[in-house]
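Working notes, structure below.
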Amino acid sequence: MQKSKMVEQYPFREIEPRWQKRWDEEELFKIDTKNADRKYYCLVMFPYPSAALHVGHGRNYIIGDAVVRYKMMRGYRVLSPMGFDAFGLPAENAAIKNNIHPETSTLQNIANMKTQLRRWGCGYDWLREVIACLPDYYKWTQWIFLQLYKHGLAYRKKAAVNWCPSCRTSLANEQVVNDRCERCESLVEERELEQWFFKITDYAERLLDDLKLLGGWPERVRTMQENWIGKSYGAEIDFPIAVSGEIIRCFTTRADTLFGATYMVLAPEHPMIASLIKGQKAERSCLRFVGEAKKQGKRVRVLEQTEKVGVFTGRYCINPTTQEKIPIWVANYVLMDYGTGAVMAVPTHDQRDFEFAKKYNLPMKIVIDRPTKPLALGEMREAYVEDGAMVNSAQFNGLPNREALEKIVDWLASKKMARRTVHYRLKDWLISRQRYWGAPIPIVHCAKCGTVPVSESDLPVLLPKNVRFKPTGVSPLTEHPDFKSTACPQCKGQARRDFDTMDTFVDSSWYFYRYISTREEAKAFDSNDVNRWLPVDQYIGGVEHAILHLLYSRFVNKVLYDQKFVSFKEPFAKLFTQGMIIKDGAKMSKSKGNVVSPDELIQNYGSDTVRLYTLFIGPPEKDAEWNDQAVEGCYRFLGRFWRLATFVISEGKSDSRFKPAEEGQVNAGDLERHLHLTIKKVSDDLEGDFHFNTAVASIMELINLAYQFRPESQADWNLLKQLVKNTMLLLAPFVPHLAEELWQAMGEKKSIFRSGWPSFDSDRMKLQKIEIAVQVNGRVRSHVTIPADLGEEALKVRVLEDSKVKTWLEGKNPKKVIVVPKRLVNVII
RNA sequence: GCCGGGGUGGCGAAAUUGGCAGACGCAUGGGACUUAAAAUCCCAAGGAGAGAAAUCUCCAUGCCGGUUCGAGUCCGGCCCUCGGCACCA
């Protein structure tokens, strides 16, 4: 790139800062939320304050800004807020490494990012800025916690967390990639810790059900949430233990295979194991096995390559369908946290059970037969998992297995040995973090009263600033004397605070309400205002948040709905997830060294060019490869438009760098027609699913056409003026500085963003004469130009007279002639 | 394994939802302007073949088949690729 040699296409360096300043001064994006007339809430996912933004981040804000400006021009009162998801581990790690307080570096980063956003020309109501790490925000994050606590939706239990042995800290699920720590790549371990959870599982059914209300969401995201919630229908079946009569309860989705259940398998953590094996011969070997399995940890156990191993307990239970005694085993492949931790094993119709049974020589029985070739036990190499007819299943023999499934459950249910149940894959949300840089959990631990919530009037629980950073494995707050001890809110006795902080996903699960009431000091938000302005009309962000953030926010919304703080069931009416920007085949990241910095690009081409290219690069929902050379193409186009516009504004007197076409290859009628077509196309593209790329392409076409037009009369000049003026409006959401500059150069006084959106006239889009493609046997052989209103029969006659058609006909009569009005004629021979 | 995207020129991509495949842009080639270059403006361009030429013919949207006058688009069966979930009972 020879940027230094490049001639400046137009004076963007002077224009852009000037308009950025003017828009600030005029408070173009300031909104009063007491008034919700023609409201439009456009929300871009608030960023984590990293050191510098690259063009990949930029796509998010540029798309958002284009939507905001377009809707403004459509006459909406658009709320466009911005804030920062400012708590979190990276800042804390940087603090440890560089010996700088995370608040200092975070606030510095925020200042930098605001400068960058401003330079991009992205417009926000900065009076509504939200910064998650400041007490006036996290006070209310703590309030959210208390609301959940109050209704039994926040609880404490001992649980295994992801633990990175080299960073000596716990990690969030999302920071564990393929069982390894995202930063240092060491294998993640498990550690048992007393933790706070939010009971999101109570809402599993509604979170799943209400996905139906989200027609404005990409199907992909809805499906991902559906998978994550993972609902499965099945039944719990009771297996009495031989002799004792105690019940082992197991969950199955395949009750049709019950007659083939030839053994029972328990998870090593199953609570009944101890009493089962007590006094048995196998007691010692069982205990050893359980101990090893637990030591191995769940994470390793579920790895695909981990061998399935197990041990016999020496005890039996009764298959409730056959009354047969079947052995009870313990095996590493059964998980305690799905279903009941007990699995009825059907080796003939489940692949894992099949492998396990082969290995330990356990009995097998076929209960569903293959419709094609009957199964034979001796010949089976794998489990038969397809459908078929029931066999070896008493009164159910001969039934299709899917039908038998229901009947077997009914039959056992009538004997009170089974009941229909539903299981979810979704787990409760673990929100405790043993880290410093987060909102303290507003709980006090008192020896007398137990866990006691801090009262709302005592919020915020301030995060102390003078702490020592070293990776010890416990929160630095543990060592902080002032923070540590406090009075119990209940008995006023000596007590200690909870040392943990909240997952940053709690911070981000409610920020979109706070934007409505940023200045509110007495409450998290004003319900009346929030109910007027939400749901968010358009949410825009990366697909990487498809599950966590979007699911948590939906959950919190439902909790607030139940407690009557909000009156809507879902917080985000429409969701748009933009694709990533790729460079050299990989996602842009500092560590990969493939980031494209916007600063240099803006210096060389201006932010309007960067914006235009970002929108033109491809369909916004798809990933796209960044191409520096293609940026220049957009820069050239803006220059081309600038030259045309300045030439037209002065009626050919000023800009000597523009030369009109020597002979007009386009007439005024065509040009006007295309102007109206373009207005329609751009409007449709923006109203639809953000087809910025094709909208830009059609504007380019229009300008290319205008270059072919030679103005000869005052009417021609007026047409050209109308054209460039409308094009400014069409371009304004994409290239706001250039559009505003030219707009005012045309003598307009009001901001272009307060000047409405152009309309088109369908009558002016019509052609007098149209060209029709003529096919012979489905292949295009000729074209005819006809009056637009020519009737079908007349068209047929005209086509059959065509010399090329005659040649193909070779004097014969056509079998059939198909006419597609205004498009083509197909002559079948 | 299950679920969901995708597969179109040298490249990013379009295609009015079944109607002229490749708009627009990048890269490329040529021309104009210029002492020259840059910039700008104009023109060409999917591949193969025929022709002096205008033109013409054939082949082309991952592969195979089907429906249809007509398929990038619809149906059936494969292949590849990206993403999500997964010893889930």
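Chain A is the first sequence line, chain B the second, and so forth, proteins listed ahead of strands; every chain is numbered from 1.
For A:A697, whose side chain is taken as the heavy atoms from C-beta onward, the closest listed nucleotide among B:C20, B:C24, B:G84 is B:C24. Comparing B:G84, B:A14, B:A27 by their nearest atom to the side chain of A:P619 picks out B:A14. Proximity note for A:E701 (side chain, C-beta onward) versus B:C69, B:C87, B:A23: the nearest is B:A23. Picking from B:C56, B:C41, B:A13 the nucleotide with the shortest atom distance to the side chain of A:K804 gives B:C56. Comparing atom distances between the A:F616 side chain and each of B:C26, B:C24, B:C20 picks out B:C24 as nearest. Among the nucleotides B:A89, B:C24, B:C69, the one closest to the side chain of A:Y338 is B:A89.
A:E219 comes within 4.0 angstrom of the backbone, heavy atoms only, and of no base. A:N704 comes within contact range of the sugar-phosphate backbone alone, with a heavy-atom separation under 4.0 Å but no base atom that close. Heavy atoms of A:R781 sit under 4.0 angstrom from primed sugar atoms or phosphate atoms, though from no base atom. Residue contacts shown for A:I617 are limited to sugar-phosphate atoms, with no base heavy atom under 4.0 Å away. Note on A:A630: only backbone sugar-phosphate atoms sit closer than 4.0 angstrom, heavy atoms only; bases stay farther off. Residue contacts shown for A:N693 are limited to sugar-phosphate atoms, with no base heavy atom under 4.0 Å away. Within the nucleic acid shown, A:P218 has no heavy atom closer than 4.0 Å to any nucleic acid atom. Counting any heavy atom pair closer than 4.0 Å across all strands shown, A:G633 reaches sugar-phosphate atoms only and no base atom.
B:A14 atom C1' lies 17 Å from atom CG of A:D689, rounded to whole Å. One can place CG of A:L335 at 9 Å from C1' of B:A89, the figure rounded to the nearest angstrom. Spacing between atom CD of A:E771 and atom P of B:U16 amounts to 19 Å, rounded to whole angstrom units. When rounded to the nearest whole Å, the span between CH2 of A:W642 and C1' of B:U40 equals 17 Å. Atom CD1 of A:I829 is separated from atom C1' of B:G70 by 15 Å (rounded to the nearest Å). Between A:Q9 atom CD and B:A38 atom P the separation is 15 Å, expressed in whole Å.
Look at B:U16: its glycosidic torsion is beyond 90° from 0, and that puts it in the anti range. For B:G9, the base adopts the syn conformation, since its glycosidic angle falls within 90 degrees of zero.
Along RNA chain B, the nucleotide closest to A:H691 and the one closest to A:T223 are compared, and the more 5′ of them pairs with A:T223. Comparing A:I772 and A:A342 by the nucleotide of RNA chain B whose heavy atom lies nearest to each, the residue mapping closer to the 5' end is A:I772.
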With ring pair (Phe, Tyr, Trp, His ring centres under 6.0 Å) as the criterion, how do A:F505 and A:H549 come out once you've worked through the C-alpha distance, each side chain's angles and the decisive distance to 0.1 Å? CA-CA 6 Å; A:F505 280 104; A:H549 163 62; 7.1 Å; no
Test ring pair (Phe, Tyr, Trp, His ring centres under 6.0 Å) on A:F692 and A:F616 and set out the steps. CA-CA 6 Å; A:F692 304 111; A:F616 185 58; over 10 Å; no
Does the ring pair (Phe, Tyr, Trp, His ring centres under 6.0 Å) test come out yes or no for A:F12 and A:Y605, once each step is laid out? CA-CA 8 Å; A:F12 63 88; A:Y605 304 110; 7.9 Å; no
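Across all strands shown, B:G6 pairs with B:C80; the Watson-Crick or G-U wobble distances both stay below 3.5 Å. The base-pairing partner of B:U73, taking Watson-Crick or G-U wobble contacts with both distances under 3.5 Å, does not exist among the strands shown. In this structure, B:A39 makes no Watson-Crick or G-U wobble pair, since no nucleotide meets both defining distances under 3.5 angstrom. Base pairing of B:A50: its partner is B:U55, meeting the Watson-Crick or G-U wobble criterion (both donor-acceptor distances under 3.5 Å). Here B:U67 sits opposite no nucleotide as a Watson-Crick or G-U wobble pair (both hydrogen-bonding atom distances under 3.5 Å). Within the shown strands, B:G12 is the pairing partner of B:C24 under the Watson-Crick or G-U definition, both distances less than 3.5 Å. Within the shown strands, nothing qualifies as a pairing partner of B:A60 under the Watson-Crick or G-U definition with both distances less than 3.5 Å.
The existence of a salt bridge linking A:D256 and A:R402 is excluded, since no basic side-chain nitrogen approaches an acidic carboxylate oxygen closer than 4.0 Å.
Between B:C88 and A:R352, a contact under 4.0 Å exists linking OP1 or OP2 to a side-chain N or O.
Judged by distance alone, the side chains of A:N704 and A:R640 do bring a donor and an acceptor atom under 3.5 Å apart. Checked by atom type, the side-chain pair A:R554/A:Q225 shows a donor-acceptor distance below 3.5 Å.
The aromatic rings of A:Y263 and A:W329 sit perpendicular, their planes meeting at an angle over 60°, well past the 30° parallel limit.
Comparing the same atom, C1', in B:U8 and in B:A21 gives a spacing of 8 Å after rounding to whole Å. Taking the C1' atoms as reference points, B:U17 lies 7 Å from B:U73, given to the whole Å.
A donor and an acceptor atom never sit less than 3.5 Å apart when one is taken from the side chain of A:N227 and the other from the base of B:C85. Between the side chain of A:R779 and the base of B:U57, no donor-acceptor pair under 3.5 Å is found.
Atom NZ of A:K822 has 12 or fewer heavy atoms from other residues, nucleotides or ligands within 6.0 Å.
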